[in-house]
Amino acid sequence: MDKEAFANVVLSSTDSLYRISKSILKYDADCEDAVQEAIATGFGRLGTLRQDAYAKTWLTRILIHECYSLLKKREKSTAMLTEPEAYASECADYMDLYEALGMLKKEYRLTIVLYYLEGYSIGEIAKLMRVPAGTVKSRLSRGRRDLRCIMERAEYEGEERYENER
């Protein structure tokens with residue numbers, strides 16, 4: 001794949017890459033860093049891409065690795081620091097969904113985002129995550145169940161708070 005074709009893949013995948021990183025990372029700035037790092041790494045390793053048809057999947061795999069690596073770095077540094085207020089800016093439209101997704105186990109969260117938000121098939125997710133297709137199906141099922149419980153609990157708590165304020 002040449003550099004121009006890679007640039008086209010990156011441009012067409014930017015939103016998708018951001019949403020995938022958001023399913024792993026909490027803060028917008030971290031998501032942006034991870035996407036930029038994944039693109040830079042992909043560009044640097046362009047010669048290792050075996051088939052051009054899988055460029056987006058390959059780049060997504062690089063992004064997932066980058067997100068987990070960033071999480072490990074953050075875990076070490078956040079043990080001593082408090083959470084900065086500057087990161088509090090979230091997308092208002094999807095804040096509840098991202099908060100609920102954030103409460104899921106990371107393997108459920110990533111599987112749900114790849115399947116429902118990004119439109120990957122079960123087979124593609126299995127290849128990306130390097131797990132059997134049956135594992136992907138069970139993670140989707142359990143993730144949906146847990147997400148439903150989280151959303152119902154949040155809705156119930158919201159109604160209860162509203163009643164107490166009246």
Side-chain angles (χ1 to χ4, degrees), residues 13-39 41-42 56-166:
S13 306
T14 311
D15 291 340
S16 172
L17 294 172
Y18 181 81
R19 284 190 298 268
I20 291 168
S21 69
K22 188 68 174 173
S23 72
I24 300 170
L25 303 169
K26 185 175 182 180
Y27 304 116
D28 292 338
D30 288 345
C31 294
E32 292 166 4
D33 289 345
V35 170
Q36 286 178 347
E37 223 20 72
I39 292 169
T41 302
K56 182 179 178 188
T57 304
W58 176 73
L59 188 58
T60 301
R61 187 77 214 149
I62 292 172
L63 175 67
I64 291 169
H65 282 294
E66 185 59 40
C67 288
Y68 286 129
S69 142
L70 195 65
L71 271 179
K72 286 179 186 176
K73 290 177 190 173
R74 294 285 184 243
E75 285 175 3
K76 291 177 185 175
S77 64
T78 28
M80 295 182 275
L81 300 173
T82 58
E83 187 174 301
E85 292 296 322
Y87 286 121
S89 65
E90 299 288 335
C91 293
D93 297 341
Y94 299 104
M95 190 169 167
D96 292 339
L97 176 61
Y98 280 121
E99 284 179 7
L101 283 170
M103 293 179 194
L104 291 175
K105 290 183 178 181
K106 65 182 173 184
E107 57 269 4
Y108 297 167
R109 180 174 56 237
L110 182 58
T111 306
I112 285 176
V113 168
L114 288 172
Y115 187 77
Y116 289 106
L117 300 179
E118 299 307 319
Y120 282 90
S121 70
I122 289 173
E124 291 170 328
I125 295 170
K127 287 179 186 175
L128 269 172
M129 298 180 79
R130 297 184 179 136
V131 296
T135 302
V136 172
K137 290 177 184 178
S138 65
R139 286 180 181 176
L140 282 171
S141 175
R142 291 175 185 152
R144 280 191 303 262
R145 179 198 62 213
D146 291 355
L147 189 59
R148 185 179 313 112
C149 289
I150 291 167
M151 296 296 281
E152 286 173 354
R153 189 173 349 133
E155 185 177 323
Y156 174 76
E157 289 171 359
E159 288 174 4
E160 192 174 85
R161 244 182 280 144
Y162 176 72
E163 291 296 322
N164 290 338
E165 289 175 359
R166 292 177 79 194

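We number each residue from 1, following the sequence as shown. These numbers come from a predicted model, not from an experiment. All values below come from the heavy atoms of this structure, side chains included, with hydrogens, waters and symmetry mates left out.
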Side chain to side chain, [X] and [Y], heavy atoms closer than 4.5 Å:
X: Ile20; Y: Ser16; answer: yes
X: Asp28; Y: Lys22; answer: yes
X: Val136; Y: Tyr120; answer: no
X: Leu59; Y: Lys56; answer: no
X: Ser21; Y: Leu63; answer: yes
X: Arg139; Y: Met129; answer: yes
X: Lys127; Y: Thr57; answer: no

Rounded to the nearest 0.5 Å, what's the gap from [atom1] on [X] to [atom2] on [Y]? Could you check?
X: Glu66; Y: Asp33; atom1: CD; atom2: CG; answer: 9.0 Å
X: Arg145; Y: Leu140; atom1: CZ; atom2: CG; answer: 12.5 Å
X: Arg142; Y: Thr135; atom1: CZ; atom2: OG1; answer: 9.0 Å
X: Cys149; Y: Met103; atom1: SG; atom2: CE; answer: 12.5 Å
X: Ile24; Y: His65; atom1: CD1; atom2: NE2; answer: 10.0 Å
X: Leu147; Y: Leu104; atom1: CG; atom2: CG; answer: 5.0 Å

Verify the neighbour count for atom CZ of Arg144: are there more than 12 heavy atoms of other residues, nucleotides or ligands below 6.0 Å?
-> yes
Flag yes if more than 12 heavy atoms outside Tyr108 fall under 6.0 Å of its OH atom; otherwise flag no.
-> yes
Verify, without hydrogens or angle tests, whether Ser121 (side chain) and Glu124 (backbone) share a donor-acceptor contact under 3.5 angstrom.
-> yes
Do you know the tightest heavy-atom contact between [X] and [Y]?
X: Asp30; Y: Leu70; value: O-CD2, 3.5 Å
X: Ala34; Y: Cys67; value: CB-SG, 3.8 Å
X: Ile125; Y: Thr111; value: CD1-O, 4.0 Å
X: Gly42; Y: Trp58; value: O-CH2, 3.2 Å

Ser23 and its side-chain contact (heavy atoms from CB on, under 4.5 Å) partner, picked from Ile64, Leu114, Ile112, Val113 = Val113
